[in-house]
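Structure, as structure tokens:
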Amino acid sequence: MSNIGNYDKQVKNFTWEISEKELEYKKGDVINIGEYCSDRICRLGKGDKLALIWQGHSGDVKKYTFDRMRVLTNTIAQYLVDKEIKPGERVCLFMDKIPELYFGFLGILKMGGICQPLFSAFGGESLFTRLEDAETTAVLTQKKHLGKIRKIVQDLPHLKHIIVVDDEGRKPLREKECSFSMEKEKGIEHFDIYPATAETPSVLHYTSGTTGKPKGALHVHYSLVSQYMTAKYVLDFQEEDIYWCTADPGWVTGTSYGIIGPWSNGITQCVLDAGFRVESWYRFIRDHGITVWYSAPTAIRSLMKDGTAAAKKFNLSSLRHLCSVGEPLNSEAVIWSTKAYGLTFHDTFWQTETGSMMISNYPGMKIKPGSMGKPFPAVSATVVDLKTHEPIEKPGIVGLIAIKPGWPSMFRTYWNNEEVYKSKFINGWYICGDRASIDEEGYFWFVGRDDDVINTGGHLVGPFEVESALIEHEAIAESAVVGKPDPVNMEVVKAFITLNPGYEPTDMLELKIMNFIRKKLSPLAMPQEIEFMDKLPKTRSGKIMRRMLKAKEWGEEIGDTSTLEDE
Ligand code: WT7
């Protein structure tokens, strides 16, 4: 029997108080996610249970019990306190998926800091924008990433501590830099955990929009009430499960369900700190006996490319429940997974801003391949009219996905940007910015985003960020960036550019520009294709018509360009 049992019954009966009760939390109590994920699990008698099974790219494995994790997270928390980092200050994690990243996350929360995880493949500019915006005080990083921080530190007056977690005092360090070895430090048995309450800020996740710089979605400790229960019901955690979330904690899936969800449920999880390779993924599942697997459509499509035979080569019989998030999970992938693993991927829909799953397919519920499923019990979701923002009553009509505010893990603001935050709420609904329709049985069907943000392999890339970075290249005069369809990554970044006088459109220049963006922003933001143009299509007021270029890439009708030109 699954944890959720009968979905329809849960819709009638479930309230967030049930989650609060299970967590033994009462309104006004202290609630610190760091405590809930380690100390509390030990108090419940599971101190000797494995919390983390970690595997590096060379195959080395490290294992940590909940009790060891409790001590190591205390040790990190104490170190930050000794550095005089204060509650409420932003502490960034800029590391690969090493154990220090996971324990650093809980350590920061334990001392009351606001944790700002950033993807370690980010280039200097992506890193700089986010550290500058958050006025981040400290960064925990690895020596291999130190170079990127050194290049920008002089322009970040708020950044006081650069803590290198894997250096062991070998590298000559500069001003503001210090070396800290979690495992070599004296373990701290008792740490005074910061008495956070429901609305105390916890995590700051940056996400890209159509315009402007990336925005920091701010979450609070009370988000646990959503994350704990959605993990329990949707990922269906059972005591003996060995769970694998493939997401990097630089993105929200990697924190909400790669840290908080499993550990607040006292579940053992595995982490693979290595890139994607079909065989190594299957070997990882087999070797560790993974039972619950949370991944993304791009990975699933990559596995599909190697066919069912590759899957059959390994004994994957430990798997019992599969979930997916980040992009539309096409029905072919759902049907394929049934053939390859004898199990169906359960699609889930949510966002950085929602902090936890909003619409999902639940164990035991009828799955309609291609549908995102139904709202989590106690989440009120609908689609609203594209213009009036009134709920659409009739099935099958496309509108904007809208959610009634009030679920515990809702973001509380965009850092330094209350105005944009407020603009997301219309007629009493939080508007996600995605288009969908709902069928007669209440299943949600994703249609597409309502803006120009590019979703590449489940990661959002803001076209404006890439356009701004492009024009910093000496050869480029103007740029427009759109998503181009891609069979595996759903979309990839494509750039249209015009050149400054004296530059020729050559293959060499194209490669140089690609590399320029990869280094400056990230491999995800790097255009996979650059088209040199004599001029870019513009409105009469001089705005570049990104939409027209996008329509061309998608083979869609461009429509009436005269109206476009008037925009
Ligand atoms: C956007 C949010 C929170 C998960 C990681 C992404 C798209 C997410 C689905 C899905 C179709 C999906 C939407 C959404 N998206 N899940 N199941 N089907 N699209 O978090 O980076 O904030 O991106 O990802 O466009 O708005 P994010």
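Start at 1 and go down the list; that is how both ligands and their atoms are numbered. All values reported here derive from a predicted model rather than from experimental measurement.
Looking at N455 against ligand 1, only its side chain comes within 4.0 Å, counting heavy atoms. Contacts between F446 and ligand 1, counted as non-hydrogen atom pairs separated by less than 4.0 Å, involve the side chain only. Of all the heavy atoms of D347, the ones lying under 4.0 Å from any atom of ligand 1 belong exclusively to the side chain.
For Y294 and Y243, the distance between ring centers is not under 6.0 angstrom. No close placement of the F94 and F119 rings is indicated, their centers lying 6.0 Å or farther apart. The ring of H459 has its center closer than 6.0 angstrom to the ring center of W251.
Residue M372 has no N or O atom closer than 3.5 Å to an N or O atom of ligand 1.
Exactly one residue among F376, Y222, Y25 makes a ring-ring contact (aromatic ring centres under 6.0 Å, His included) with W16. That residue is F376.
Between L131 and Q116 the shortest side-chain heavy-atom distance falls below 4.5 Å. With contacts defined as side-chain heavy-atom distances shorter than 4.5 Å, the pair M357/V234 qualifies. Contact of the T338 side chain with the L343 side chain is not registered, since no non-hydrogen atoms from C-beta on lie closer than 4.5 Å. V271 has its side chain within reach of L52: a pair of non-hydrogen atoms, C-beta onward, lies under 4.5 Å apart.
Near L460, meaning under 4.0 Å from any of its heavy atoms, are these atoms of ligand 1: 21 (O), 23 (O), 27 (P). Which parts of ligand 1 touch V325 is read off a 4.0 Å heavy-atom cut-off, strictly below it: atoms 4 (C), 16 (N). Less than 4.0 angstrom separates some heavy atom of T348 from each of these atoms of ligand 1: 10 (C), 16 (N), 17 (N). The contact set between ligand 1 and P328, taken as ligand atoms under 4.0 Å from a residue heavy atom, comprises 11 (C), 18 (N), 19 (N). Those atoms of ligand 1 with a heavy atom of R449 less than 4.0 angstrom away are 1 (C), 14 (C), 25 (O), 26 (O). Taking a cut-off of under 4.0 Å to the non-hydrogen atoms of T352, the atoms of ligand 1 that pass are 20 (O), 21 (O), 22 (O), 27 (P). Within ligand 1, counting atoms from 1 as listed, the ones closer than 4.0 Å to a heavy atom of V252 are 3 (C).
The option with the heavy atom closest to atom 14 (C) of ligand 1, from among D434, I401, L329, is D434. Between Q351, E327, H205, it is E327 that holds the heavy atom closest to atom 18 (N) of ligand 1.
Residue, atom and distance of the protein heavy atom nearest to atom 5 (C) of ligand 1 are T253 OG1, 3.4 Å. In this structure, atom 3 (C) of ligand 1 lies nearest to the protein heavy atom W350 CD2, 3.2 Å. Among protein heavy atoms, the minimum distance from atom 6 (C) of ligand 1 is reached at G458 O, 4.2 Å. Nearest to atom 15 (N) of ligand 1 among the protein's heavy atoms is G326 O, 3.2 Å.
Annotation: cation-pi geometry not satisfied between K232 and F237 (NZ/CZ under 6.0 angstrom from ring centroid, within 45° of ring axis).
Contact annotation: G433 has no heavy atom less than 4.0 Å from any atom of ligand 1.
K484 has no carboxylate O lying under 4.0 Å from a charged side-chain N of E491, or vice versa, which leaves the two without a salt bridge.
In this pair, W263 and Y102 present their aromatic rings perpendicular. The plane angle is above 60°, beyond the 30 to 60° band.
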